[in-house]
S.K.: 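Can you read through this structure? Questions will come right after.
Reminder, nothing fancy here: chain letters follow the sequence lines and each chain counts from 1. What's counted below: heavy atoms across the whole structure, side chains too, no hydrogens, waters or symmetry copies.
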4 protein chains.
Amino acid sequence: MTKNKLKEVAMRLFGEKGYDGTALSEIAKEVGVKTPAIYFFYENKEDLFMTVFKEAMEFYNLFIQELSEDQAELNAKDSLYRILIRQHHFYQKNPEYSLFVLRYMLFPPSFLKETIEKAFLHSDVLLTKVIEALIVQGIQEGTIREQSVEFLVDAFLNLLDGSCMQYFYYPSTELYERKLNNAFAMYWNGACS
Amino acid sequence: MTKNKLKEVAMRLFGEKGYDGTALSEIAKEVGVKTPAIYFFYENKEDLFMTVFKEAMEFYNLFIQELSEDQAELNAKDSLYRILIRQHHFYQKNPEYSLFVLRYMLFPPSFLKETIEKAFLHSDVLLTKVIEALIVQGIQEGTIREQSVEFLVDAFLNLLDGSCMQYFYYPSTELYERKLNNAFAMYWNGACS
Amino acid sequence: MTKNKLKEVAMRLFGEKGYDGTALSEIAKEVGVKTPAIYFFYENKEDLFMTVFKEAMEFYNLFIQELSEDQAELNAKDSLYRILIRQHHFYQKNPEYSLFVLRYMLFPPSFLKETIEKAFLHSDVLLTKVIEALIVQGIQEGTIREQSVEFLVDAFLNLLDGSCMQYFYYPSTELYERKLNNAFAMYWNGACS
Amino acid sequence: MTKNKLKEVAMRLFGEKGYDGTALSEIAKEVGVKTPAIYFFYENKEDLFMTVFKEAMEFYNLFIQELSEDQAELNAKDSLYRILIRQHHFYQKNPEYSLFVLRYMLFPPSFLKETIEKAFLHSDVLLTKVIEALIVQGIQEGTIREQSVEFLVDAFLNLLDGSCMQYFYYPSTELYERKLNNAFAMYWNGACS
DNA sequence: GATGAATGAGTTTTCATTCAT
DNA sequence: GATGAATGAAAACTCATTCAT
């Protein structure tokens, strides 16, 4: 129980204030326990962080895997759009996970650089495959104009990354959603014609 | 002299390791001076950081302003593409500025949240105007199909943000450039047809 | 069972790393038990230490008492030499006891100073008596020249102490044995002539 | 100033209570300074300890070197006896140095084992040379009976070690001196005849 | 007999900051 | 301009100890 609460609070605080900006005492306090209690469950700060990090990555990868499921009955356009929406939903429903993953993907603490790069590459490959499949489907459907798949995948991934970034710095949801829809419309337009 | 060295080193270290992860002693050491010397030039850590931050924002805004200059003789397509290239160049030529700006735009230390939001909004408005002008030019040229300007601007900004993100997490320049070109091609394709 | 294992491990670790340098958790771990288990058998760290200490002293005193036994059939010279040899054997066969006793005789933790002094005095008196008896026997035999017994006893005790010290800081057994034999030969030479 | 006071107090406390039994806060308090001040002069606890250790060894080796000086005009017997006396004086005049050296020669903290062994070997060689010279002198004088020098040296070193040990555990000076004199008399007796 | 969970007290260490020089 | 010396505050971590189970 305490162990899990520690993980949750740690994820949130590490995500919000960074590794160095988060004191174990803060985490402990929010959980309602004294600092040394942390050491009963985790070896040290780094261990707590790594545990949280691994879980966040697993959760995030799970999300990516789920993107490819349940899309069989949809056409390519709806499926691709749905990915953007799901990404948005994921950010909204799991703000802690999202912030944490984004932060440490872009700015890993020095002791994590290598691990992060591997973890990120893994997610990237996973995601690329999902997009690829949908692009191919679209071409087969005849909705996407026949052209290089790589080309279409790259552009969609850029779209996703752009949306990710904008989600975190545009405060207003409406604004974000407008931009998202516009960007996707433009993408689809380019993909078809 | 020392004052400027301090700023440079501080920008780099704050960008790489974060505000809390950077000790004043580290900055001082790299500059070749003892820690208390910092207090001769700056009130305290926050002051040093803010000074660096302001300069970084000014420099970044300068870059954005320059985007609109010297583009008179180019057509809209080349101008837009040139913006992406210049962004890339800016990141490559000023890695410390770039990393710093990205980091604190996405993850400002708590005492900076509001200031950052304002500063960012300012840059955003600036950039939007530049893009808008080029889009209008393109429509007038007849290269861009007549349609909502906002729509085209949003999509281009998304493209810029996506490229920003990818620059920082894709290690290889080649890969980054391929993705950038593909994404722009798709954008232009969508804009025209 | 566990209680005894705790004692053994505690003796070894206290001997090797000192009272403050030995954590109860280490002792517990080596025994294969969790730390709180120690409190089932011993009141606290001090109690565990004292128990170990008392046993070590008893064991050591037993050794001293045994020195006087089974020597009836030997002449004085052989008996005295045998004491040195036995001391050596004791150190070799009971390295943990020896180290522990030596350490806390010379450097008792503050809460033990008085107890230790008494315990030590007791052993000293015991040992002195044993030596005295053998010296007297030697004089009666006529092998030791007639002279002050105290004088001969003091010199022999010094020999014993010197050997003790050297045992613990000379790494090589050969070297130690050579030195021991030479020192005893010199003693006997002085005692006879 | 503070730096030296720290060294002095550290030597005394480390000698009395051991490395693990001595808190930096105690040392700081006795010096009249707050704990972090220590870190201005020494890297960490180990560094402070090592600094003290090196100085103690140098001082001790100096003492050993001085043993050989100014003895030219004395005969061998007086010179040897003087060594015992000087050892005694050294212990009395420099109780902190003596206790410290003895403690860490016999019970070095784990991180010091190797360093200590080397340092000790060095002192041992130094001392052996001094004694050897005097023994040879004694034989040349004709006061010491002609016999193996090694034999005489070993016995004298044993005498020194025994005296060292006894100094630290016999509380009374008188008792210690009686024992010392008796042991030396016996040694000389054996050496001559 | 023994453990899981937790804590209070204390340790070493870091760091921003101050101030006299 | 810059440093040596020092500190207050807080950090991470350790450890003996407790207690319910």
Side-chain angles (χ1 to χ4, degrees), chain A residues 1-3 5-6 19-29 31-49, chain B residues 1-3 5-6 19-29 31-49, chain C residues 1-3 5-6 19-29 31-49, chain D residues 1-3 5-6 19-29 31-49:
Chain A
M1 212 76 288
T2 298
K3 192 173 181 176
K5 275 203 241 165
L6 283 170
Y19 182 78
D20 295 299
T22 306
L24 292 183
S25 56
E26 278 181 281
I27 299 174
K29 191 172 233 171
V31 172
V33 98
K34 306 293 175 188
T35 313
I38 295 178
Y39 289 85
F40 182 74
F41 300 103
Y42 302 94
E43 269 187 37
N44 49 34
K45 193 181 182 182
E46 212 173 299
D47 181 31
L48 171 57
F49 181 84
Chain B
M1 212 74 283
T2 297
K3 191 171 182 179
K5 276 203 238 164
L6 282 169
Y19 182 77
D20 295 298
T22 305
L24 290 184
S25 56
E26 276 182 281
I27 299 174
K29 190 175 236 169
V31 171
V33 99
K34 304 292 175 188
T35 313
I38 295 178
Y39 288 83
F40 184 80
F41 301 103
Y42 303 96
E43 268 187 39
N44 51 32
K45 192 181 183 182
E46 214 173 297
D47 180 32
L48 171 57
F49 181 84
Chain C
M1 212 74 285
T2 298
K3 191 172 183 178
K5 274 203 240 166
L6 282 170
Y19 181 78
D20 295 299
T22 305
L24 290 184
S25 55
E26 275 182 284
I27 298 174
K29 189 172 237 172
V31 171
V33 97
K34 304 290 176 188
T35 314
I38 295 177
Y39 288 83
F40 185 79
F41 301 104
Y42 303 95
E43 270 186 38
N44 50 32
K45 193 180 183 182
E46 214 173 299
D47 180 31
L48 171 57
F49 181 83
Chain D
M1 214 76 286
T2 299
K3 193 171 182 179
K5 275 203 239 165
L6 283 169
Y19 182 78
D20 294 298
T22 306
L24 292 182
S25 55
E26 278 181 280
I27 298 174
K29 191 172 232 170
V31 171
V33 99
K34 307 293 175 188
T35 313
I38 295 177
Y39 288 84
F40 182 75
F41 300 103
Y42 302 95
E43 270 186 36
N44 50 32
K45 192 180 183 183
E46 213 173 298
D47 180 33
L48 171 58
F49 181 82

S.K.: Quick one: on DNA chain F, does D:A37 or B:G32 contact a more 5' nucleotide (nearest heavy atom)?
M.R.: B:G32
S.K.: Take the protein atom NZ of C:K5 and the nucleotide atom C1' of E:dG1, then report the distance between them rounded to whole Å.
M.R.: 13 Å
S.K.: Could you write out DNA chain E as dot-bracket? Rules: Watson-Crick or G-U wobble, both distances under 3.5 Å, brackets [ ] for crossings, | for pairs with another strand, dot for unpaired.
M.R.: .||||||||||||||||||||
S.K.: Between D:L6 (CG) and F:dA6 (C1'), how many Å, whole number?
M.R.: 12 Å
S.K.: Check the distance between E:dT12's C1' and D:I38's CD1 and give it to me in whole angstrom.
M.R.: 10 Å
S.K.: Measuring from the side chain of D:V33 (C-beta onward, heavy atoms only), which nucleotide among E:dG4, F:dT7, E:dA6 has the closest atom?
M.R.: F:dT7
S.K.: Can you check each nucleotide of nucleotides 14-21 of chain E against protein heavy atoms at under 4.0 Å and return B for base, S for sugar-phosphate only, - for none, in 5' to 3' order?
M.R.: BBSBBB--
S.K.: Test of understanding: with side-chain contact (heavy atoms from CB on, under 4.5 Å), list the residues that count as partners of A:A37, not counting sequence neighbours.
M.R.: A:V33
S.K.: Let me confirm one number: the CG-CD distance from D:L48 to D:E43, rounded to the nearest 0.5 Å.
M.R.: 11.5 Å
S.K.: Please report the distance, rounded to the nearest Å, between CZ in B:F40 and P in F:dA2.
M.R.: 7 Å
S.K.: Roughly how many Å is it from CE in D:M1 to P in F:dG4, rounded to a whole number?
M.R.: 18 Å
S.K.: Under the rule for side chain to side chain donor-acceptor pair (under 3.5 Å), what residues qualify as partners of D:E26, not counting sequence neighbours?
M.R.: D:K17
S.K.: What's the shortest heavy-atom distance between A:D20 and B:G21, and which atoms?
M.R.: OD2-CA, 3.3 Å
S.K.: Calculate, to the nearest 0.5 Å, the distance between atoms CZ and CD1 belonging to D:F49 and D:I27 respectively.
M.R.: 10.5 Å
S.K.: Test of understanding: with side-chain contact (heavy atoms from CB on, under 4.5 Å), list the residues that count as partners of C:K3, not counting sequence neighbours.
M.R.: C:F41, C:Y42
S.K.: Can you list everything that forms a side-chain contact (heavy atoms from CB on, under 4.5 Å) with A:Y39? Sequence neighbours excluded, please.
M.R.: A:L24, A:N44
S.K.: Counting only N and O atoms by type, is there a donor-acceptor contact under 3.5 Å from the side chain of D:K45 to the main-chain atoms of D:T22?
M.R.: yes
S.K.: OG1 of B:T2 to CD1 of B:I38: how many Å apart, nearest 0.5 Å?
M.R.: 11.0 Å
S.K.: Measure NZ/A:K34 against P/F:dA12 and give the value in whole Å, please.
M.R.: 16 Å
